[in-house]
Amino acid sequence: MPQLQFPSRFIARITIEFLTPFHSGSGTEGDVADAAVVLDVNGLPAIPGTTLAGILRHAFEQPSTMATAKALFGFQERGHVHKSNGQGSRLSFSWASIHDATNTPVYGYHPSLPSDDMVLARAQSPTLRDHVRITHRGVAAQHGKFDELCIAAGNRFTFEMELVGSNDDNETWNQLLHLWHHPALRIGAKTRRGFGAFKVVQILSASFDLTTKEGFSQYTTLPRSLAEPAPSLTPFKNGNNHASLPNTYATIVLRLEPRSYWMFGGGEDPEGTDMAPVTDFRIIWHNNSAAIQDDLIYIPGSALKGALAHRVCFHANKYLENFADKVSDLDAVTGSNNPVVRELFGFMKGNANSKEGARGRIIINDTFLKPRNDFQRQIVHHVSIDRFTGGARAGALFNEHPLYRHPDGGFDLTIYIENPAALSPIAKKALRDTLNDLCEARLPIGGGTGRGLGFCNGSIIQGMDIFNVENSNAH
């Protein structure tokens, strides 16, 4: 009897929980948003297996593992007429199924979903996130207003991963499972805006030798539904020796304390004010039961990232000596045309005189704080005065409902930097100066900064060493 080349099957069921909202894009516009999310047959958010395979391959591929990556994930030699110069993938992935309020994956087609399941009900109505890109002149860029649907933080998903292999693949299989625990791994689009961060709740894994009667029987009797228990799969223990990603990541933690009123606008106020802080909900799990935390004040990572990018550009031009009286075209040294902004925050394809785009190295997650009612707030009225008549301008009377400081005094803000060792000296200086500006109330954040909102005191409590300078300005 001929010996099988791949007599073993490695199976893992992986359950993840999102720490931030995520966007698994469908590539189409939705009825209410510019970018819709992928849905399964039940109309529930799902994550395609191709997305999971691509994420894992990107994390696994390094110069030292490129040959192994090709053997696992397959490859196709370009430029050949015949397709025999490639290999199919030995790894396969199921779609990731969302969990209901009882922590059970919703697998397969369900003609009717439970009407009292609050997790699935919220998942069927994803949150709409608004964005606007601001120029160096402080106004919205042309075509810079857009929005997207996103799935709330706290949602859980389960998927299955299978490797066709042999006993020689045991170490590689463990390495692949370790990778899912890496804190820098993210799922979906908009990851540089802080979307897609997750943690592993559980990995159940086993290997089956198909040359034995017992192994073949256990493999063939595995339930195909992700909602059914699989007794032959046992918990995989991660440990602290997970494989590293191609690039290292540094973490900077800031402690910020709002000095007075502040607000990231775009939310709806139950009291009917024109401008209110943006809020969202997230799912909290207690054992196998879900609870909804509603009306949470949060700091959008994308909004904070925009403020930092503008100030980084200012400091970069200072070091590059691109002063206003020496530069004839300001657009050429601002935004994504600035080399330091491109280095830290990336740029889109077709921008910055490049045919290809590049993702940024700065990642800032959405930071969830406390429910709105835990904050002290104040309705502030505004009116624009007609300088000719001395009266109110038509349509220029409005009010806002900003937050006052923070009930705990302040909050921690985490910034991730990809491969900080490769940053240029000017990029390090510009980012250092920008963070010091933020901590010393020279860089306001949020909305209404021209009206005095958004100034903070603070300190850099972790990560200052990546700049290789003395932390003389951090308190």
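Both backbone and side-chain heavy atoms feed into the values below; hydrogens, waters and symmetry mates do not.
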Listed by chain and number, what are the side chain to side chain contact (heavy atoms under 4.5 Å, CB included) partners of Lys305, not counting sequence neighbours?
->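 Residues passing side chain to side chain contact (heavy atoms under 4.5 Å, CB included) with Lys305: Arg192, Phe345, Ile364.
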
Distance (rounded to the nearest 0.5 Å) between [X] [atom1] and [Y] [atom2]:
{"X": "Leu254", "Y": "Leu304", "atom1": "CG", "atom2": "CG", "answer": "9.0 Å"}
{"X": "Phe195", "Y": "Ser302", "atom1": "CZ", "atom2": "OG", "answer": "7.0 Å"}
{"X": "Leu177", "Y": "Leu56", "atom1": "CG", "atom2": "CG", "answer": "9.0 Å"}
{"X": "Asp295", "Y": "Asn373", "atom1": "CG", "atom2": "CG", "answer": "6.5 Å"}
{"X": "Arg57", "Y": "Leu52", "atom1": "CZ", "atom2": "CG", "answer": "15.0 Å"}
{"X": "Ser89", "Y": "Leu91", "atom1": "OG", "atom2": "CG", "answer": "5.0 Å"}

List the steps and the verdict of ring-ring contact (aromatic ring centres under 6.0 Å, His included) for Phe159 and Trp180.
-> CA-CA 12 Å; Phe159 61 93; Trp180 290 110; 5.2 Å; yes

Side chains of residues 11-19: which donor-acceptor pairs under 3.5 Å do they make with residues two or more places apart or in other chains?
from, atom 1, to, atom 2, distance (Å)
Arg13, NE, Glu160, OE1, 3.1
Arg13, NH1, Glu228, O, 2.7
Arg13, NH2, Pro223, O, 2.7
Arg13, NH2, Ser225, O, 3.0
Thr15, OG1, Thr158, OG1, 2.7
Glu17, OE1, Arg156, NE, 2.9
Glu17, OE1, Arg156, NH2, 3.0

Can you check side-chain contact (heavy atoms from CB on, under 4.5 Å) on Phe264 and Ile445, steps first, answer last?
-> CA-CA 8 Å; Phe264 285 86; Ile445 55 176; 3.9 Å; yes

Ile415 pairs by side chain to side chain contact (heavy atoms under 4.5 Å, CB included) with which of Thr251, Ile460, Leu435?
->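 With Ile415 as partner, side chain to side chain contact (heavy atoms under 4.5 Å, CB included) holds for just one option, Leu435.
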
With Leu413 as reference, evaluate Asn365, Leu256, Ile252 under the side chain to side chain contact (heavy atoms under 4.5 Å, CB included) test and give the passing residue.
->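 The residue from Asn365, Leu256, Ile252 that satisfies side chain to side chain contact (heavy atoms under 4.5 Å, CB included) with Leu413 turns out to be Leu256.
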
[Y] side chain reached by [X] side chain, heavy atoms, under 4.5 Å:
{"X": "Ile283", "Y": "Ile292", "result": "yes"}
{"X": "Tyr219", "Y": "Ser232", "result": "no"}
{"X": "Val201", "Y": "Trp285", "result": "no"}
{"X": "Phe6", "Y": "Leu163", "result": "no"}
{"X": "Thr51", "Y": "Val38", "result": "no"}
{"X": "Phe10", "Y": "Leu176", "result": "no"}
{"X": "Leu204", "Y": "Pro235", "result": "yes"}
{"X": "Leu296", "Y": "Lys370", "result": "no"}

Just wondering, more than 12 heavy atoms not from Phe75 lying within 6.0 Å of its CZ?
->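 It does: Phe75 CZ has more than 12 such atoms within range.
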
Centroid-centroid under 6.0 Å between Phe375 and His406 rings =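 Judged by ring-centre distance (under 6.0 Å), Phe375 and His406 do meet the cut-off.
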
Pairs of donor and acceptor atoms involving the side chains of residues 111-123, under 3.5 Å and at least two apart or interchain, shall be tabulated with distances.
from, atom 1, to, atom 2, distance (Å)
Asp117, OD1, Ala101, N, 3.3
Asp117, OD1, Val119, N, 3.1
Asp117, OD1, Leu120, N, 3.0
Asp117, OD2, Ala101, N, 3.0
Arg122, NH1, Asp294, OD1, 3.1
Arg122, NH2, Asp294, OD1, 3.2
Arg122, NH2, Asp294, OD2, 2.7

Taking the side chain from [X] and the backbone from [Y], do they hold a donor-acceptor pair closer than 3.5 Å?
{"X": "Arg90", "Y": "Ala71", "answer": "yes"}
{"X": "Thr191", "Y": "Gly196", "answer": "no"}
{"X": "His23", "Y": "Val37", "answer": "no"}
{"X": "Thr273", "Y": "Ala276", "answer": "no"}
{"X": "Asn170", "Y": "Asn167", "answer": "yes"}
{"X": "Asn103", "Y": "Ala290", "answer": "no"}
{"X": "Thr221", "Y": "Ser217", "answer": "yes"}
{"X": "Thr104", "Y": "Asp100", "answer": "no"}

If you look at every heavy atom in [X] and [Y], which pair is closest and at what distance?
{"X": "Ala59", "Y": "Leu185", "answer": "CB-CD1, 3.6 Å"}
{"X": "Asn337", "Y": "Arg342", "answer": "O-NH1, 2.9 Å"}
{"X": "Ser97", "Y": "Tyr107", "answer": "OG-CD1, 3.9 Å"}
{"X": "Ala422", "Y": "Glu343", "answer": "O-OE2, 4.0 Å"}
{"X": "Lys70", "Y": "Gln87", "answer": "O-NE2, 4.0 Å"}
{"X": "Ile47", "Y": "Ser24", "answer": "CA-OG, 4.3 Å"}

Thr211 side chain to Asp209 side chain, donor-acceptor N/O pair below 3.5 angstrom |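 The answer is yes; a qualifying pair exists.
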
Asp366 vs Ile299, side-chain contact (heavy atoms from CB on, under 4.5 Å): CA-CA, chis, key distance, verdict = CA-CA 6 Å; Asp366 285 356; Ile299 299 175; over 6 Å; no

Evaluation steps, side-chain contact (heavy atoms from CB on, under 4.5 Å), between Leu443 and Leu308 | CA-CA 9 Å; Leu443 174 60; Leu308 296 181; 4.0 Å; yes

Could you tell me how the ring of Phe157 sits relative to the ring of Phe22: parallel (under 30°), tilted (30 to 60°) or perpendicular (over 60°)?
->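 Perpendicular.
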
Would you call Arg372-Glu271 a salt bridge at under 4.0 Å N-O?
->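 The answer is no: the pair does not qualify as a salt bridge.
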
Check against side-chain contact (heavy atoms from CB on, under 4.5 Å), Gln376 and Leu403 = CA-CA 6 Å; Gln376 187 177 352; Leu403 309 171; over 6 Å; no

Assess Arg282 against Tyr298: is NZ or CZ under 6.0 Å from the centre of the six-membered ring, and within 45 degrees of the ring's axis?
->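 Arg282 over Tyr298 ring: no.
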
